[in-house]
Amino acid sequence: MKKIMIDMDDVICTGGFLKIINEFLNTNYKEEEIKTYYIQDIIPENKKEEWKEYFESKNVYENVNLLPNVYETLEKLSKKYELYIATAYIFRDNPEKSTKHLKNKFNYLLKTFPFIKPEKYIFINNKELLDCDIKIDDKLSNLKGNAKLKLLFTAYHNKDISDEELLKENVIRVNNWNEILKILEEDK
Ligand SMILES: [Mg+2]
């Protein structure tokens, strides 16, 4: 069976991080207003210390939504492919406090996708190290390394990446899980 590496945040589920930031800042930012990959960069410098503590008390995955059709598509694909969820868990602003975030990710995956065994979760920062047939991620640099098929999942922060750049990197843009399914069906 072919191996697929699937990213978690903004490919499987979305919205949790921004919701916590909005609660913290008492704002109402929408995803489409954010251009940077690290959403927390919108937090003013003088609030950064307070933010670290606030974030630590929250569970991102109690506040996320699954992307449309992801559950059905993964269930379908799990019968034909080896699915691996590859996700980073280091909290950039406070790396030593990352274990709780890791636990929340693990528990969310366990509860949400009963057909993906925990042995298939890969908690990793440098995804370039992973060698598989297909990679799906919303961060272009995470698609580096070995894979025959590389899919960039459209997200708030990657809309400005041009088709030329994607072509150069041998990457195909996908906007939703139906498109992924279609490409994989043609890939046979
Ligand atoms: Mg992601």
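What you see below is based on every heavy atom in this structure, not just the backbone, and it leaves out hydrogens, waters and symmetry mates. Counting starts at 1 for both ligands and their atoms, in listed order.
- Judged by distance alone, the side chains of Y84 and E82 do bring a donor and an acceptor atom under 3.5 Å apart.
- Among all heavy-atom pairs drawn from N142 and M5, the shortest one is O-CE, 4.1 Å.
- When OD2 of D7 and OD1 of D138 are joined through the Mg ion (ligand 1), the resulting angle is 80° to the nearest 10°.
- The Mg ion (ligand 1) has an N, O or S atom of D9 under 2.8 Å away, backbone or side chain.
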Note to self: One pair to check against side-chain hydrogen bond (donor to acceptor under 3.5 Å, both in side chains): D10 and H157. What are the steps and the verdict?
What the structure shows: CA-CA 10 Å; D10 297 308; H157 60 85; 5.2 Å; no

Notebook entry, point to check: T14 and E31: side-chain hydrogen bond (donor to acceptor under 3.5 Å, both in side chains), yes or no, with the steps?
Noted result: CA-CA 10 Å; T14 188; E31 240 175 34; 2.9 Å; yes

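- In summary, no N, O or S atom of D137 is located under 2.8 Å from the Mg ion (ligand 1).
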